[in-house]
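Just below is one structure, and these are the notes that go with it.
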Amino acid sequence: MTDSATPSITPTETSRDNLWLPLCMFALYIIWGSTYLAIRVALQSYPPFLLAGCRFASAGVLLLSALRLRGVALPTARQWRNAAFTGILLLGFGNGLVCYAEQSVSSGISAVAVASMPLFAALFAGLYGEWPSRRETLGLLIGFVGVAVLNLGSSLSASRLGAVALLVAAAAWAFGSVWSRRQDMPAGPMNTAAQMLCGSGALLVVGFAGGETLPHHPSLHATLGAAYLVVFGSLIAFSAYLYVLKHARPALATSYAYVNPPVAVLFGVLLLGEKVGPFDLVGMTIILVGVVTITAARQRRTH
């Protein structure tokens, strides 16, 4: 976004950002890192597109109902259109294809593919004249190297279709994120609700059209995994992402893609008893260096 289009920031807004940004980044780093495990568990009973569609439909209806009870106005027709386009890209293509790919693609391949998203975002932002700074570019490259190292010690196996699905998911999420920053979107949490409702509609259509059906007797673990995705993955973390997307530079807003893989590894160790090898430790260290580099670059540009 050009300087002429950037609104003036008041001291109150800056103080609020200094409080909320760290909290939102924590939600993106930790909660979204845990959703890889939750999706894997939920897929034991639920088909991928209906899982994602029901997840976002439930969260969207709950959030919209709460907002309407508080008297929040509905989006305008233009805002609904923009929310629909963004929701389909972020949730329909982005999350839906990740759920689809996790049926056949290892978590290591998923992490590498999703970690390419900030690079796509930097490319798309550059097309709008918002190229990352040298320090941000360095942080992005360090982060990608870290994810690659993280997966060198894994036995990676993937279907070609699943790998392509993950790359398309990363590119779609990146473009939707960059495009939405320059559009008239609904304000605050209403933006989250509108995108989830629109994205869920597309996911449910694809799921039912593809012959998916909801299970008659889902397992308790799968249902708890789906519920976790609704409350924590959607209502909390996706709302945090949209806030960060509006109030931070793209490099920082998308840096979660580099932190989620090591977080997912740690959850696997704690909950599934998985082993952590030397490549995992080195990769996670490099990733943290990349995130610190991006964060420091942002602070230099805002002072």
Side-chain angles (χ1 to χ4, degrees), residues 21-42 94-95 98-99 101-102 105-122 135-158 162-163 166-167 169-170 173-174 177 225 228-229 232-233 236-238 240-241 244 248 250-298:
L21 274 177
L23 293 176
C24 289
M25 293 309 299
F26 177 84
L28 297 187
Y29 288 169
I30 304 302
I31 294 178
W32 264 356
S34 67
T35 56
Y36 285 98
L37 178 62
I39 290 174
R40 182 76 65 183
V41 172
N95 189 269
V98 167
C99 291
E102 282 207 31
V105 177
S106 69
S107 60
I109 288 292
S110 299
V112 171
V114 172
S116 67
M117 192 276 296
L119 300 180
F120 282 117
R135 287 177 178 267
E136 288 173 326
T137 300
L138 177 62
L140 290 167
L141 294 177
I142 291 174
F144 187 77
V145 170
V147 174
V149 172
L150 179 66
N151 289 279
L152 284 177
S154 304
S155 178
L156 303 181
S157 60
L166 286 170
L167 288 176
W173 186 283
S177 299
Y228 179 87
L229 291 171
F232 292 94
I236 296 176
F238 188 60
Y241 177 67
V244 172
L252 179 64
T254 56
S255 63
Y256 72 87
Y258 292 146
V259 185
N260 286 170
V263 169
V265 169
L266 291 175
F267 272 106
V269 171
L270 295 174
L271 300 179
L272 300 179
E274 297 177 348
K275 303 297 182 181
V276 177
F279 282 107
D280 300 316
L281 295 176
V282 173
M284 284 186 275
T285 301
I286 296 175
I287 288 168
L288 291 177
V289 171
V291 173
V292 170
T293 302
I294 293 173
T295 304
R298 175 185 177 271

Checklist line | Student check: side-chain heavy atoms of Ser34 and Phe232 closer than 4.5 Å | finding: no
Next item on the list: Would you give the length of the straight line joining atom OG1 of Thr35 to atom CD1 of Ile31, rounded to the nearest 0.5 angstrom?
Entry: 9.5 Å
Notebook entry, point to check: If you round to the nearest 0.5 Å, how far is CG of Leu166 from CE of Met117?
Noted result: 13.0 Å
Check: How long is the span from the CD atom in Glu136 to the CG atom in Leu138, to the nearest 0.5 Å?
Finding: 11.0 Å
Check: Considering all heavy atoms of both residues, which atom of Ala169 and which atom of Val98 are nearest to each other, and what is their separation?
Finding: CB-CG2, 4.1 Å
Margin query: Once side-chain hydrogen bond (donor to acceptor under 3.5 Å, both in side chains) is applied, what residue pairs with a partner in residues 257-271 remain, sequence neighbours excluded?
Written below: none
Next item on the list: Compare every heavy atom of Glu102 with every heavy atom of Arg40, then report the nearest pair and how far apart it is.
Entry: NH1-O, 2.6 Å
Margin query: Measuring from atom CE of Met25 to atom CD1 of Ile30, what distance do you get when rounded to the nearest 0.5 angstrom?
Written below: 11.0 Å
Check: Taking the six-membered ring for Trp, are Phe238 and Trp32 parallel (under 30°), tilted (30 to 60°) or perpendicular (over 60°)?
Finding: tilted
Next item on the list: Decide yes or no for Tyr29 and Ser255: does some side-chain heavy atom of the first lie under 4.5 Å from some side-chain heavy atom of the second?
Entry: yes
Item checked: Side chains of Tyr256 and Val259 in contact at under 4.5 Å (non-hydrogen atoms) -> no
Checklist line | Over all atoms of both residues, closest heavy-atom pair of Tyr228 and Ala38 | finding: CD2-CB, 3.8 Å
Note to self: Looking at every heavy atom in both Cys24 and Val244, which two are closest together, and how far apart are they?
What the structure shows: CB-CG2, 3.4 Å
Margin query: Any heavy-atom pair between the side chains of Phe144 and Pro118 that's under 4.5 Å?
Written below: no
Item checked: Shortest non-hydrogen separation from Pro262 to Ile287 and the atoms involved -> CD-CD1, 3.7 Å
Checklist line | CG on Leu23 to CD1 on Ile236, rounded to 0.5 Å | finding: 12.0 Å
Next item on the list: Quick one: pull up CG in Leu37 and CG in Leu266 and give me the separation to the nearest 0.5 Å.
Entry: 12.0 Å
Margin query: For a quick test of reading the model, state the closest non-hydrogen atom pair linking Ala240 to Ala27 and the distance between them.
Written below: CB-CB, 4.0 Å
